[in-house]
Amino acid sequence: MGVSLLIAVPANSHADPVDDARPIGLDRFYHQRLEWKPCGVENVDKAGGECADVLVPLDYGNPDDRTMTVAISRVKAGDPMQRRGILLSNPGGPGGEGLDSLDLLGDVLSPEVLASYDLIGMDPRGVGESGRSPRCGWPVGEMIRSAGLDPLGFVHDTVQSAGMAATCLIRDPNKLRQFTTRNTARDIDIVRGALGEEKANFYGVSYGTYLGAVFTQMFPESSDRVVLDSTIDPDRYWEGLVQDWGPADEIALDDWAGWVSGRDDEFRLGTTPQQVRAKIEELVRVAARQPIVIDGFAIDDHWLPFIMHGLLMNFRLNEAMAATVREIADAAGGPPTASQTPRLRAIVEALRDNENSVLAQIACGDVGAPIDPTWYWRNIEATRATQPVFGALANNIQPCAFWPRPVEPPTVVRNSVPALILQATGDPRTPYAHGVRLHQDMSESRMVTLQDVRIHMTFRPELSDCVNHAINTYFSVGAMPDTDITCYADHSTP
């Protein structure tokens, strides 16, 4: 189970085709002087960190036109004598706020790594303190949900998705269309230059791996030690990734059903995996006939699969998912009720009130989606037999179908930038095959497989010393495994 022989990775000297990423006329951005101030982020401030706003072009094709700022944080290296550079990070999304890099990495990076790097957090453009737009005014919090069991439900989602796109774009469409991953990668390179660094080290998880991979393609000479955890295959982002959730979630549901079937005395969902799955499928049908109203929100066949999708991505949420499903099942067929569990209350509040339109602004602006509603409906119908719970979610129409075409083509990632790729075989959110394909497309990468664990994000406390050792060794001394390796959880997973 440990990391075997290690190889030191030299500084990058690539002959890869370089993306046309850095237009002329950017010197004032690369050489700007930053003004540091307290962050107002508890972890960062407590660690003596500081924040700054970095000026960037809104449209890199017109750098003398409109500008905006992206917010970054910095917690300096613990030992100035050991300092070797900056370590930027991204927590995922699209749309995750990233100023609190300590919350993401502070409990898993080794003391040697913390001593050697300034930790740089960043809210990507359009997110948090980096020019977030006002709420679009969506009637629901999320753009991803199941089409449900009735064709009329798909018609409803189609009309609603069109309206959700329109309400976002009515204010400043030219600005929103520049909230892209390619532009965020350019912003990272501006941040690197403004900090006076020749290269940037990077840790990204989930969507952060897409951002990191795009950065390596656009700025190979600025890329130093890159770690991509729970990776997205850039060729499948965005619509393809969501489609891949369907079969992955069905496998994860079976895994969870095996766990909960051994606890029927507590959760009363079935004594065999087959009984549990049948209970879930029946509950979706019940919700389709009569929505289950909890805390004023109607959980129907559109939202119940989405709730389970969110809980299935981590085996450590097995009990939370079981309690949530039990509470929803108990409320089925009855009058509106108030949630008894904080988790379900928080889920319902998010679906009802917490608009996640920044997801649409980035994902829809990155990659054009099919615009014909019948394309989505055909895929939904084609997957119902093999993906009875999640096929209609993974193939449903989204606001991206009604978004303007992206301002640039998506990035094709094919390069020899060294990178460490981490992937759990049971990850439902970024399925294992995504990591395999990105590993193939980044020819000098090494892949660390976390075997037989259903989890999204592998770099965690008390999960796998093997994974953590591989990452910390790479960041601290620049040594990757000489071959791809397989790690396991330190303790048996339920």
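Any value given below was found using the heavy atoms of this structure, including those in side chains, with hydrogens, waters and symmetry copies removed.
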Open item on the list: As a quick check of understanding, evaluate side chain to side chain contact (heavy atoms under 4.5 Å, CB included) for R277 and W256, giving each step before the final call.
Closed with: CA-CA 9 Å; R277 173 174 272 278; W256 172 81; over 6 Å; no
TODO: Dump the intermediate steps for side chain to side chain contact (heavy atoms under 4.5 Å, CB included) on D53 and K37, then the final yes or no.
DONE: CA-CA 9 Å; D53 293 325; K37 59 189 177 183; 3.2 Å; yes
- [ ] Just do the side chain to side chain contact (heavy atoms under 4.5 Å, CB included) check on I292 and L283 with the steps written out, would you?
- [x] CA-CA 10 Å; I292 304 160; L283 188 58; 4.2 Å; yes
Open item on the list: Does Q398 form a side chain to side chain contact (heavy atoms under 4.5 Å, CB included) with E239? I'd like the steps, not just the answer.
Closed with: CA-CA 9 Å; Q398 301 174 23; E239 188 67 41; 4.3 Å; yes
- [ ] Let me see the working for Y203 and F459 under ring pair (Phe, Tyr, Trp, His ring centres under 6.0 Å), right down to the final yes or no.
- [x] CA-CA 10 Å; Y203 170 86; F459 196 28; 5.7 Å; yes
- [ ] Please lay out, stage by stage, how R236 and Y210 fare under the test side chain to side chain donor-acceptor pair (under 3.5 Å).
- [x] CA-CA 10 Å; R236 294 291 292 166; Y210 178 68; over 6 Å; no
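Note that the OG atom of S445 and the CG atom of D484 stand 7.0 Å from one another [nearest 0.5 Å]. The distance from atom CD1 of I397 to atom CG of N379, rounded to the nearest 0.5 Å, is 11.0 Å. Interatomic distance, CE of M143 versus CD of Q361, reported as 10.5 Å (0.5 Å rounding). Note that the CG atom of L104 and the CG atom of L99 stand 12.0 Å from one another [nearest 0.5 Å]. Atoms NE2 and CD, from H309 and E142 in turn, are 9.0 Å apart once rounded to the nearest 0.5 Å. The distance from the CG atom of D441 to the CZ atom of R414 is 3.5 Å, given to the nearest 0.5 Å.
Of the charged side-chain nitrogens involved, none lies within less than 4.0 Å of a carboxylate oxygen, so that R177 and E408 do not count as a salt-bridged pair. We find that R437 and D235 are not joined by a salt bridge, their nearest charged nitrogen and carboxylate oxygen being 4.0 Å or further apart. With respect to the salt-bridge test (charged N to carboxylate O, under 4.0 angstrom), the residues R289 and D150 do not qualify. Using a 4.0 Å cut-off between charged nitrogen and carboxylate oxygen, D172 and R66 count as a salt-bridge pair. Using a cut-off of 4.0 Å between Lys/Arg side-chain N and Asp/Glu carboxylate O, D157 and R145 are scored as salt-bridged. Salt-bridge check for R186 with D189: failed, with every basic side-chain N at 4.0 Å or more from each acidic carboxylate O. The pair D224-K199 does not meet the salt-bridge criterion, since no charged nitrogen lies less than 4.0 angstrom from a carboxylate oxygen. Using a 4.0 Å cut-off between a side-chain N of Lys or Arg and a carboxylate O of Asp or Glu, R345 and E349 do not qualify as a salt bridge. By the 4.0 Å N-to-carboxylate-O rule, E50 lies close enough to R74 to be salt-bridged with it.
Residues V358 and R132 are not in side-chain contact: their nearest non-hydrogen atoms beyond the backbone lie 4.5 Å or more apart. Two residues are said to be in side-chain contact when any heavy atoms from C-beta on lie closer than 4.5 Å; T184 and M122 meet this criterion. Annotation: side chain of M442 is in contact with side chain of T216 (closest heavy-atom distance under 4.5 Å). Contact of the E281 side chain with the L253 side chain is not registered, since no non-hydrogen atoms from C-beta on lie closer than 4.5 Å. Side-chain contact check for S146 versus N396: every heavy-atom pair is 4.5 Å or farther apart. At a threshold of 4.5 Å between non-hydrogen side-chain atoms, the residues L351 and V140 do not count as touching. For the pair I299/V293, no side-chain contact is recorded, criterion being any heavy-atom separation below 4.5 Å from C-beta on. Here the side chains of L317 and R343 are in contact, with some heavy-atom distance below 4.5 Å.
Looking only at atom types and distance, the side chain of T180 has no donor-acceptor partner in the side chain of D366 under 3.5 Å away. Side-chain atoms of T449 and Y432 include a donor-acceptor pair closer than 3.5 Å. Between the side chains of E355 and S357, a donor-acceptor pair is found at a separation under 3.5 Å. For T181 and Y207, the side-chain atoms include at least one donor-acceptor pair closer than 3.5 Å. Using modelled atom types, one finds no donor on one side chain facing an acceptor on the other under 3.5 Å when comparing H439 with R446. Between the side chains of Y60 and D187, at least one donor N or O sits under 3.5 Å from an acceptor N or O. A donor and an acceptor atom, one from each side chain of N314 and H456, are nowhere located under 3.5 Å apart.
When every heavy atom of W245 is checked against every heavy atom of R429, the shortest pair comes out as NE1-O, 2.8 Å. In terms of heavy atoms, L169 sits closest to P173 at O-CD, 3.1 Å. Closest heavy-atom contact between G93 and L359: C-CD1, 4.5 Å. Heavy-atom minimum distance, P234 versus L438: CD-CD1, 3.7 Å. The heavy-atom pair separating D295 from S339 by the smallest distance is OD1-N, 3.0 Å. Scanning both residues, A194 and F29, for their nearest heavy atoms gives CB-O, 4.4 Å.
Checking side-chain atoms of R192 against main-chain N and O of E197 turns up a donor-acceptor pair under 3.5 Å. Here the side chain of E221 pairs no donor or acceptor atom with the backbone of E198 at under 3.5 angstrom. Side-chain atoms of D249 do not come within 3.5 Å of backbone N or O of F390 as any donor-acceptor pair. Judged by distance alone, the side chain of T209 and the main-chain N or O of S206 form a donor-acceptor pair under 3.5 Å. No donor-acceptor pair closer than 3.5 Å links the side chain of S130 to the backbone N or O of G126. Although no hydrogens or angles enter the test, the distance criterion places a donor-acceptor pair under 3.5 Å between the side chain of W138 and the main chain of M164. Counting only distance, with no hydrogens or angles, the side chain of D372 and the backbone of T374 share a donor-acceptor pair below 3.5 Å. Although no hydrogens or angles enter the test, the distance criterion places no donor-acceptor pair under 3.5 Å between the side chain of S101 and the main chain of S89. Between the side chain of N43 and the main chain of D100, no donor-acceptor pair closer than 3.5 Å is present. H434 places a side-chain N or O within 3.5 Å of a backbone atom of D233 that can act as its donor or acceptor partner.
In this structure, F306 and W303 have perpendicular ring planes: the angle between them is above 60°, well past the 30° mark.
Applying the 6.0 Å contact sphere to CG of L55 captures more than 12 heavy atoms from other residues, nucleotides or ligands. Applying the 6.0 Å contact sphere to CD of E129 captures no more than 12 heavy atoms from other residues, nucleotides or ligands.
Shown are T458, L450, V205; of these, the side-chain contact (heavy atoms from CB on, under 4.5 Å) with L422 is made only by T458.
Taking the centre of each ring, Y376 and F154 stay at or above the 6.0 Å mark.
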